[in-house]
Amino acid sequence: MELPENFKKFQDLNDFLEKFGAYTLDKQHNLYNVIGENSWNVDLNKQEIYFGDTLTFPIQVLGSFSHSSETWLWIWENKSGYSESLMEQALALKKYGEENNIDLLKTGQFDAYQSDLHLFGMLASEVFNSSAYYLANYGQGTMVLTIKSDLIDNQESYDNIRVSTVFPEFISLFEINNHKNALVNYLLLKGYKLFENKNELIAEKNEKKITATFNENNLLTGLKG
């Protein structure tokens, strides 16, 4: 698999998070709306994940995180003999990492944090236009995979409520240097019109308004809407 022609390139992973992170995390709520509290099961040979008795989605696997060693292992570095078709996205990210010297994408195994799992899922979800990513905890570790489904894509986003939920979650997961830029990018991708007044950002969509305030370092101090 090659990277999509319309792939929006990023300088490094921090740049990716500031440009696309919050919007990609937003899509996770569409997934949660669909799967609810259903338990999961996966068939790697069929490249499918199941939630409950009725939901089946195609998947790509990126890799896995060991809870005991706290290390990340890309699927292409795994020696278990998985099909190459299961890891097409992971291989494409590896190639991009090699071409752009991004260590996290080109190193097969390394020490990692739980937040890195979200980062890998968000990255693949955005680059390959997946519907969502899923962290499949199997006890000894957590597998990170991406899902594509119109059922997930067509979920209602409840914009203002979603923004006020997702953005605080996003900046708690990741250390973002410029909250203002990250929020602006997120709101623009969700179709808001933006207005600025000194340290205040006002976003409007469907006659509803969101107001965000920032300090002199562009870090968020208030969000309401």
Side-chain angles (χ1 to χ4, degrees), residues 6-38 51 113-135 137 142 144 146-225:
N6 62 348
F7 169 53
K8 306 176 187 66
K9 294 184 178 180
F10 50 90
Q11 296 175 359
D12 53 37
L13 295 176
N14 288 326
D15 183 48
F16 166 80
L17 285 170
E18 191 171 297
K19 289 179 177 176
F20 310 112
Y23 183 71
T24 308
L25 189 62
D26 183 295
K27 296 196 297 185
Q28 291 303 104
H29 291 259
N30 295 338
L31 171 67
Y32 306 146
N33 287 344
V34 171
I35 66 175
E37 299 297 323
N38 282 313
F51 295 98
Y113 300 96
Q114 287 283 351
S115 60
D116 290 330
L117 308 189
H118 291 280
L119 174 59
F120 299 138
M122 291 161 67
L123 180 61
S125 181
E126 171 62 28
V127 169
F128 301 104
N129 194 31
S130 301
S131 304
Y133 64 91
Y134 189 71
L135 306 186
N137 187 328
T142 297
V144 182
T146 61
I147 296 170
K148 184 62 180 176
S149 166
D150 290 341
L151 180 61
I152 298 170
D153 291 337
N154 293 333
Q155 290 298 300
E156 178 61 53
S157 66
Y158 303 106
D159 288 302
N160 282 19
I161 297 174
R162 180 73 66 82
V163 169
S164 63
T165 301
V166 168
F167 196 74
E169 177 186 0
F170 172 63
I171 60 177
S172 71
L173 275 173
F174 301 101
E175 186 175 339
I176 306 299
N177 295 329
N178 192 316
H179 291 174
K180 186 176 183 180
N181 283 348
L183 183 59
V184 165
N185 289 326
Y186 175 31
L187 292 170
L188 288 175
L189 287 169
K190 285 183 69 70
Y192 280 85
K193 293 182 179 180
L194 305 183
F195 308 90
E196 290 190 54
N197 180 23
K198 296 182 180 179
N199 68 331
E200 188 175 70
L201 178 70
I202 300 171
E204 294 183 355
K205 182 180 180 181
N206 298 331
E207 299 182 353
K208 294 183 178 180
K209 183 184 297 185
I210 295 173
T211 302
T213 54
F214 304 87
N215 64 18
E216 64 277 7
N217 295 317
N218 289 321
L219 300 180
L220 186 72
T221 58
L223 182 64
K224 61 181 181 180

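This one's a predicted model, so the numbers in the text were calculated from it and none came from an experiment. Side chains included, hydrogens not; waters and symmetry mates left out as well; all remaining heavy atoms used.
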Q) Passes side chain to side chain contact (heavy atoms under 4.5 Å, CB included), F51 versus V34? Steps please. A) CA-CA 9 Å; F51 295 98; V34 171; over 6 Å; no
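Contacts classified as salt bridge (Lys or Arg N to Asp or Glu O under 4.0 Å) and involving residues 209-225 (residues at least two apart or in different chains) are not found. Among residue pairs with one or both ends in residues 21-30, those qualifying as salt bridge (Lys or Arg N to Asp or Glu O under 4.0 Å) are D26-R162, D26-K190; sequence neighbours excluded.
To the nearest 0.5 Å, atom CG of residue L187 and atom CD1 of residue I202 are 12.0 Å apart. If you take CG on L123 and CZ on F20, they are separated by 10.0 Å, rounding to the nearest 0.5 Å. Residue E204 holds its CD atom at 10.5 Å from CG of N160, rounded to the nearest 0.5 Å. With rounding to the nearest 0.5 Å, the separation of CD in E126 from OH in Y23 is 8.0 Å.
S131 and D153 share a side-chain donor-acceptor pair at under 3.5 Å. No donor-acceptor contact under 3.5 angstrom links the side chains of S125 and T146, judged on distance only.
In this structure, F214 has no ring pair (Phe, Tyr, Trp, His ring centres under 6.0 Å) partners at least two apart in sequence or on a different chain. For the side chain to side chain contact (heavy atoms under 4.5 Å, CB included) test, residues two or more places apart in sequence or in another chain that qualify with N178 are E18, K180, N181, N218. Under the side chain to side chain contact (heavy atoms under 4.5 Å, CB included) criterion, N137 pairs with H67, T142, sequence neighbours left out. With sequence neighbours excluded, the residues that form a side chain to side chain contact (heavy atoms under 4.5 Å, CB included) with N197 are E200.
Summarising the geometry of Y133 relative to L31, their closest heavy-atom pair is O-CD2, 3.5 Å, with the distance given to 0.1 Å. Counting all heavy atoms, side chain and backbone alike, M122 lies closest to T24 at O-CG2, 3.2 Å.
Other residues, nucleotides and ligands contribute at most 12 non-hydrogen atoms within 6.0 Å of the CD1 atom of I161.
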